[in-house]
Student: 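Next up is a structure, given as structure tokens.
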Amino acid sequence: MTSPLIECEGVWWKINTEGSGIYSGMMRAILGQLFAMLSHHNKVLVFRFDLSTPNYTNTNKEITDFLRRLSGRIKSHYKCERIGHAWVREQEKAKSQHYHFALILDGNKIQTVNLLWTWVKTCWEFTEGRAWRPKKPYYRLDRHDPTKTAEAVYRLSYLAKGRGKGYKPDQTKNYSTSRIKRKEG
């Protein structure tokens with residue numbers, strides 16, 4: 001998809017399609033989790049970071065193990081009921097894959113990413129890979145402030161970019177998201 005807009009929740013959101021377009025199904029899955037979290041929590045924290053692996057693997061086992069470890073720490077420390085996430089697997093010029101990752105969390109319980117970032121690095125250490133966070137790695141969203149949400153949607157659209165996907169065995173996923181259901185009512 002190369003249109004710079006995507007419809008979600010009855011609103012047209014600006015997305016980054018520069019260069020390679022985006023995978024619309026992937027983007028809709030990511031947005032589905034963002035808006036599901038906003039239906040449960042009036043404040044949401046979105047934290048963006050990247051994880052690199054030292055060697056190519058045919059599976060995403062490392063990211064599954066990482067997420068299990070990280071989620072356990074978040075649930076235990078913050079007493080969160082829901083942990084939203086989205087990750088994408090990419091490989092371009094490097095010999096091994098890397099992952100773009102977004103956590104989507106209850107912003108009433110978690111206001112900063114300092115402790116989260118420490119845990120991300122600790123939980124990723126077992127791969128001997130590297131964790132990296134971009135400038136302005138997080139957004140604090142308010143369900144009633146579409147301006148901040150629009151900034152986060154644009155930033156999250158980078159995960160769904162067309163470039164770098166598909167360098168994996170057929171049975172291995174390009175991306176995954178949490179499965180949080182939207183709050184009814």
Student: Using a 3.5 Å distance criterion without hydrogens, assess whether the side chain of Lys165 forms a donor-acceptor pair with backbone atoms of Lys161.
Tutor: yes
Student: How about Arg73 and Thr122: do any of their side-chain heavy atoms sit closer than 4.5 Å?
Tutor: yes
Student: Lys75: which residues meet the salt bridge (charged side-chain N to carboxylate O under 4.0 Å, His left out) condition with it, sequence neighbours left out?
Tutor: none
Student: If you count every heavy atom of other residues, nucleotides or ligands that lies below 6.0 Å from Glu81 atom CD, does the total exceed 12?
Tutor: no
Student: Pick one: which of Thr118, Leu45, Val120 meets side chain to side chain contact (heavy atoms under 4.5 Å, CB included) with Val113?
Tutor: Leu45
Student: I want to check something: taking the side chain as every heavy atom from C-beta on, are Val11 and Thr149 in contact at a cut-off of under 4.5 Å?
Tutor: no
Student: When you measure from the side chain of Thr2 to the backbone of Gly21, do you find a donor-acceptor pair of N or O atoms at a distance under 3.5 Å?
Tutor: no
Student: Which ILVMFWY residues are connected to Leu5, directly or by a chain of links, through side-chain heavy atoms under 4.5 Å apart?
Tutor: Trp12
Student: Of all the heavy-atom pairs spanning Ser157 and Ile22, show the shortest one and how long it is.
Tutor: O-CG2, 3.9 Å
Student: Within a strict 4.5 Å, meaning less than it, do heavy atoms of the Leu70 and His85 side chains meet?
Tutor: no
Student: Compare all side-chain heavy atoms of Lys148 with those of Asp142 and state whether any distance is below 4.5 angstrom.
Tutor: no
Student: If only atom types and distance count, is the side chain of Gln97 paired as donor or acceptor with the main-chain N or O of Thr53 below 3.5 Å?
Tutor: no
Student: Could you list who else is in Tyr154's hydrophobic cluster, with ILVMFWY side chains joined at under 4.5 Å, directly or through other members?
Tutor: none
Student: Does the side chain of Met27 come within less than 4.5 Å of Val153's, by heavy atoms?
Tutor: yes
Student: Tell me, please, which residues at least two apart from Pro54 pass side chain to side chain contact (heavy atoms under 4.5 Å, CB included).
Tutor: Glu128
Student: Going by an N to O cut-off under 4.0 Å, is there a salt bridge joining Arg48 and Asp50?
Tutor: yes
Student: Would you say Ser20's side chain and Arg163's backbone share a donor-acceptor pair under 3.5 angstrom?
Tutor: yes
Student: Under the ring pair (Phe, Tyr, Trp, His ring centres under 6.0 Å) rule, collect the residues that match up with His100, sequence neighbours excluded.
Tutor: His98, Tyr158
Student: Do the side chains of Leu103 and Ile74 get nearer than 4.5 Å, heavy atoms only?
Tutor: yes
Student: Test: ring-ring contact (aromatic ring centres under 6.0 Å, His included). Region: residues 25-67. Which pairs qualify, not counting sequence neighbours?
Tutor: Trp13-Phe35, Phe47-Phe49, Phe49-Phe101, Phe66-Phe101, Phe66-Trp124
